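So the structure is just underneath, and the comments pick up after that.
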There are 6 protein chains.
Amino acid sequence: MLLPVSTWPDIEAWLKKSRTIVIPIGSMEQHGPNGFIGTDAICPEVIAHQAERLAPDEMLVGPTFAVGCAQHHLGFPGTITLRPSTMIAAMADWTESLMRHGFERIYWLNGHGGNVATIDAAFAEIHAHRSFDPRGADNRPGLSLKRRNWWDFVSVMNLCNQLYPTGHGSHATASEVSVTYHAYPDRARPEVQMSPKIAPTGTISDAVSYRRDFPDGRIGSDPTQSNADDGARIVAVAAEAVLEEVRRFAA
Amino acid sequence: MLLPVSTWPDIEAWLKKSRTIVIPIGSMEQHGPNGFIGTDAICPEVIAHQAERLAPDEMLVGPTFAVGCAQHHLGFPGTITLRPSTMIAAMADWTESLMRHGFERIYWLNGHGGNVATIDAAFAEIHAHRSFDPRGADNRPGLSLKRRNWWDFVSVMNLCNQLYPTGHGSHATASEVSVTYHAYPDRARPEVQMSPKIAPTGTISDAVSYRRDFPDGRIGSDPTQSNADDGARIVAVAAEAVLEEVRRFAA
Amino acid sequence: MLLPVSTWPDIEAWLKKSRTIVIPIGSMEQHGPNGFIGTDAICPEVIAHQAERLAPDEMLVGPTFAVGCAQHHLGFPGTITLRPSTMIAAMADWTESLMRHGFERIYWLNGHGGNVATIDAAFAEIHAHRSFDPRGADNRPGLSLKRRNWWDFVSVMNLCNQLYPTGHGSHATASEVSVTYHAYPDRARPEVQMSPKIAPTGTISDAVSYRRDFPDGRIGSDPTQSNADDGARIVAVAAEAVLEEVRRFAA
Amino acid sequence: MLLPVSTWPDIEAWLKKSRTIVIPIGSMEQHGPNGFIGTDAICPEVIAHQAERLAPDEMLVGPTFAVGCAQHHLGFPGTITLRPSTMIAAMADWTESLMRHGFERIYWLNGHGGNVATIDAAFAEIHAHRSFDPRGADNRPGLSLKRRNWWDFVSVMNLCNQLYPTGHGSHATASEVSVTYHAYPDRARPEVQMSPKIAPTGTISDAVSYRRDFPDGRIGSDPTQSNADDGARIVAVAAEAVLEEVRRFAA
Amino acid sequence: MLLPVSTWPDIEAWLKKSRTIVIPIGSMEQHGPNGFIGTDAICPEVIAHQAERLAPDEMLVGPTFAVGCAQHHLGFPGTITLRPSTMIAAMADWTESLMRHGFERIYWLNGHGGNVATIDAAFAEIHAHRSFDPRGADNRPGLSLKRRNWWDFVSVMNLCNQLYPTGHGSHATASEVSVTYHAYPDRARPEVQMSPKIAPTGTISDAVSYRRDFPDGRIGSDPTQSNADDGARIVAVAAEAVLEEVRRFAA
Amino acid sequence: MLLPVSTWPDIEAWLKKSRTIVIPIGSMEQHGPNGFIGTDAICPEVIAHQAERLAPDEMLVGPTFAVGCAQHHLGFPGTITLRPSTMIAAMADWTESLMRHGFERIYWLNGHGGNVATIDAAFAEIHAHRSFDPRGADNRPGLSLKRRNWWDFVSVMNLCNQLYPTGHGSHATASEVSVTYHAYPDRARPEVQMSPKIAPTGTISDAVSYRRDFPDGRIGSDPTQSNADDGARIVAVAAEAVLEEVRRFAA
């Protein structure tokens, strides 16, 4: 079930059998010369929606949290970021809203490495709010919060390595661009050339040093290899992994 | 141009000719027995995207701000709300990010009456932040922030009144449900019955009184009249109105 | 009863018969060449105090919330504004304090159009805080928050239209200046001339554009018509309307 | 000049000769069986306004900051408090607004001992905001913030000791009640009896212990001695002291 | 017992007999030509630890809150300050954490005059948070928060006056420098000369005026008199006073 | 140089040759039956101070940020945590203070895995604050923020693996307890027995589940192996690694 295109009686019925919901969470940031700015939001959304299609009775997918922490990409036009403190507040509000309805297990399917720190900090903030409540956390129904980066599943990593033995990279990766081309084939940019073919690697700091060190936005990748067919394969593998993990998480 | 499926060089090119961007802004809240929880996010998104199709060189549409202020709907499962203070912070971060790239005119196409107060408060917060800067607002490039509720265009109102002379209503309206059925025809719920046929009207306060006064979530509407064809007509009229207004706003 | 000049045993006694309080809420901002900076705080205060005189046993009036949201007037010396986020926090603190004593119905008599958005956002923030409480809003005594702009009563509008068939305007209006001249007759400025006699109209944005578009601060008004006698009549009509509405609100 | 009943051209003219403004700052809290809840806001307001009458060309008095920090009085109905963090934010907003117009010296005439900590913390917050600005505080016009408790002037203390050799007290004092009776003679409560005649003394902590230790709200005082004539004398002496100090502060 | 070098079973055992903890709280700020930047954190820490040595079964000392409010010293390199709002939040978090374990009495041994306002504001913030809880503060175990400046004990003042009849001063005092030399004898700076021998006195405002008025950082002091032996005597007297007061506070 | 026991002229001199400072950052949380609550603050402090002794002219060590993010340990008495949002604010204040003096490179030597997310989020918050400044980050001196977990150096990991081939663990590790025993040999607890000898492993969530899953606080470790001699060796290796990295970072 997809929450945004469901009705409230649908969710009421869902809550009679499950306390679990999946939230795709991404970012709105540059992804190199041929990658979409929305890549990190599109990937977890597409994968979660595909997992839902595999087992609509076992997966409830909420709206996509589409703008995350991307300060380091602000040197490239189009990037939009939340401050981490804003993102923590927003994630807390989503969680509080869901808890009010009875949800107790929230699985955040993450599409952006730069979100990891703030997502984990948000979890600690939410739990601390409960711990500081004078009645004590022990007396209330539990709350489980889990983050999963979609690219961290072993099956996904194996496929990506197989598809892109060189130039997979760590930002604007060949795999994530493929996933978005699968999702929006009409928007693919096969004509874009890049130089060097494989982007440099290095460490990330703030927006100014990022643009200086990675002038076209890519890190270590050659996304000219990306294509919709690869994307379809990656989505299929990732969706199965997500479904399997959500089943365990919900149990 | 749609920002989430564009590249950063695309946006860099856009900024050479325009300082304007359109942001659909909605809510994630119950919309009665046959309306989608995402209705208020879907409507402005669909309309903005249609306007972009009419004139891709004149419209840049950003990501949809999909979760807004919906405290009063929290009595119905599936509703997700931001606190107004969180929404103000998030809108400020989006605006600051866009300003850094050179955007100076942001047009928020709103899909939710309950967002109006907080959007306008956010505008005042953003402007106050600039006013309080010791260098003074006068010395910097201007910033124009505009909110438009998509249903407020005269042409849209006329069409809705013509399509639904009775039972258009003020929440879970016949027109907004039609727009979402046009966007997601496979998700339409023609089988859902409602009683009374036209929902009661009244004033909105908090979540508890809302659920008491409007037990199935609708206010004054009969959305069993809704259908995808009507939705297509409404979207067409609204998209033209948006395009025309954005042209004037950008000038 | 007026809370600031009452004792705590007075309020203790009041709470045995009523859970309602009226809070005048205004702004501290320019009101054109002959209007007081405190106009928007003075008007609701004077009207509420007059209503209290009509029925001291039925009206408890709290302190005036005198500084509101006036960023757009910062281009004129003397204007003081809160950021909307600060105003939300302050209104929440007032409300929490009053709730602790047992108040459950707070009627905010508003004197400033620019406050409307933030007052309504504050209501949503306060209700959201209650909704997010894990015990749930349903288990606690209700809280009713109501905003009323004093100029929106039909009887008041009719009188203003009759007194000022032209040049009533929308900022620094003839009627509000009259109310303040009634309250502070020694401070009236009958000698001030204005040109043009009726100020231009237009839309409001931030402080910089406001001063550019409305160079003496007025919008659409000719407050040289204002006088204390008119003010007395307006106050009388508005006070009756407030009293009647508060009686219904408290019931 | 009193800002709330002045026009913006008045303030524009003032700023050509002075950068100084006086802000009365008080509290809304219980003041024993015969003291007004607004006592701490009324006292500095009355004194500042009297000082202004003595030398209207040398004193600009802004609106009264009427609700302060009074958590410890919340055990008594009618008390309204800001959280200190809210009060800091509001004082910062007032200061930023005034600085935008060119004010550089703000004299806060305080009426409440419980405000002292938060006022001083607000000063540090405001200064820190300037220090953290990357351009450095040194490059900008100075900002002087001063707090004065009206009862701390030697001339005022001497008069109070002379008027009330016993039972002056430290909360709901004989002197402050007299000042308010002078301001609102019709509201005086000569009929109220108290037992014990002189209230107990002790240390203040939170609301719960305060009500337990000081059951009628007074600390160490016998305000049955209070009367309007005494109040007039106190106001006269305090107003002269304020005027003299403001002259030095503005120099 | 010293919490940072104790185990959790130690604290669990402590809580079976006591609900009290002592927190040294200081600042990280310039202390003149021969004083350490950490002086205000070192002094209360050394004194509290000495008190603990006198009666380890009666004193539990927590970690030192080492960075406080020192905006006014930012003109001197090495000074680190929290904004007051941050310090309030941090003190609230420490308090909430301790309350969760069952602590009900927190004694803050303060080493910095510039912390006084913010510590007291933090107490009000913490108590207000409890007062605003809808269940009401009365229904929960009490919370006592106490601040003590170590130099305010009569026995300490007497000793300091005896040791330094002239040039004790009010910042970078002879006594506090002696205490730190006692704590870190190898770091003492007997070779540093100062001119004038006794620093000027005056009032403190922000960082810019402080550096202008007190060019080497001292106020009214001659800390060339400071030495480790004096420090040992001061610590001994202060530790006894703290121990005695904590015994009463815990009772 | 150690900032807390240096004078401001010392720091002024330092800044003439370097823009770099090292900040040990830890936590105050349970560390099993024989580990100190302050372990995570003590370890980076001891290591940084040892590195400073190796090359006092090349290392400036600031005060230890001793209380971090430890919500998940709140089930054990003595643990103190900041909410992540508070920790972000505090780290920002430290950074802003240091930047005002001219520091441009801050090296945070971290002692707590649970701090990683919030430290990295704080970096993004600080950088975003600069990015959002209307003058643009490019026009100002750079700011480099680096986090290093002391246990992540290869040389340290190798030594730990050699010392504790089994039972090193991931919380209350054998190595960190040894470091603290080296620092505070008199506080060591060789007598404490544990059962099971090697604690269970698993995933961490909130405080309630942590205490349920790891009943004595340890994860995967056998710290009965810990001793001061091992600690001395670990500190020596870690200090060299820190010194070498700080030299590169400062270059």
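Numbers restart at 1 for each chain; the letters A, B, ... are given by sequence-line order, proteins then strands. These numbers were taken from a predicted model, which means no experiment stands behind them.
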Closest-packed option against chain D by number of heavy-atom pairs under 4.5 Å, given Thr64(C), Asp216(C), Leu60(C): Asp216(C)
Minimum side-chain heavy-atom gap Val5(D)-Thr180(C) below 4.5 Å: no
Distance, nearest 0.5 Å, that separates CG of Asp93(D) from OG1 of Thr86(C): 3.5 Å
Toward chain C, the part of Ala66(D) with a non-hydrogen atom under 4.5 Å: neither
4.5 Å side-chain heavy-atom contact, Thr81(D) and Glu96(C): no
Closest-packed option against chain C by number of heavy-atom pairs under 4.5 Å, given Ser97(D), Gly78(D), Ala183(D), Pro77(D): Pro77(D)
Min side-chain heavy-atom separation Ile80(C)-Pro63(D) under 4.5 Å: yes
Contact class of Ile42(D) relative to chain C, heavy atoms under 4.5 angstrom: side chain
Reported CZ-to-OG1 distance for the pair Arg100(C) and Thr79(D), which is rounded to 0.5 angstrom: 9.5 Å
Heavy-atom check, side chain of Ile37(C) versus side chain of Pro4(D), under 4.5 Å: no
Lys/Arg N to Asp/Glu carboxylate O, Arg187(D) vs Asp10(C), below 4.0 Å: no
Gly32(C) to Pro9(D) - nearest heavy-atom pair and separation: O-CD, 4.3 Å
Inter-residue atom distance Thr7(C).OG1 - His31(D).NE2, 0.5 Å rounding: 12.5 Å
Contact winner vs chain D - Arg189(C), His73(C), Gln30(C), heavy-atom pairs under 4.5 Å: Arg189(C)
Leu3(D) vs Phe36(C) side-chain heavy atoms within contact, under 4.5 Å: no
Top of Gln71(C), Glu12(C), Met87(C) for chain D proximity - count of heavy-atom pairs under 4.5 angstrom: Glu12(C)
Under 3.5 Å: donor-acceptor pair, side chain of Trp8(C), backbone of Glu29(D): no
Under 4.5 Å from any heavy atom of chain C - which part of Phe76(D): both
Residue part contacting chain C, namely of Leu74(D), when any heavy atom lies under 4.5 Å: both
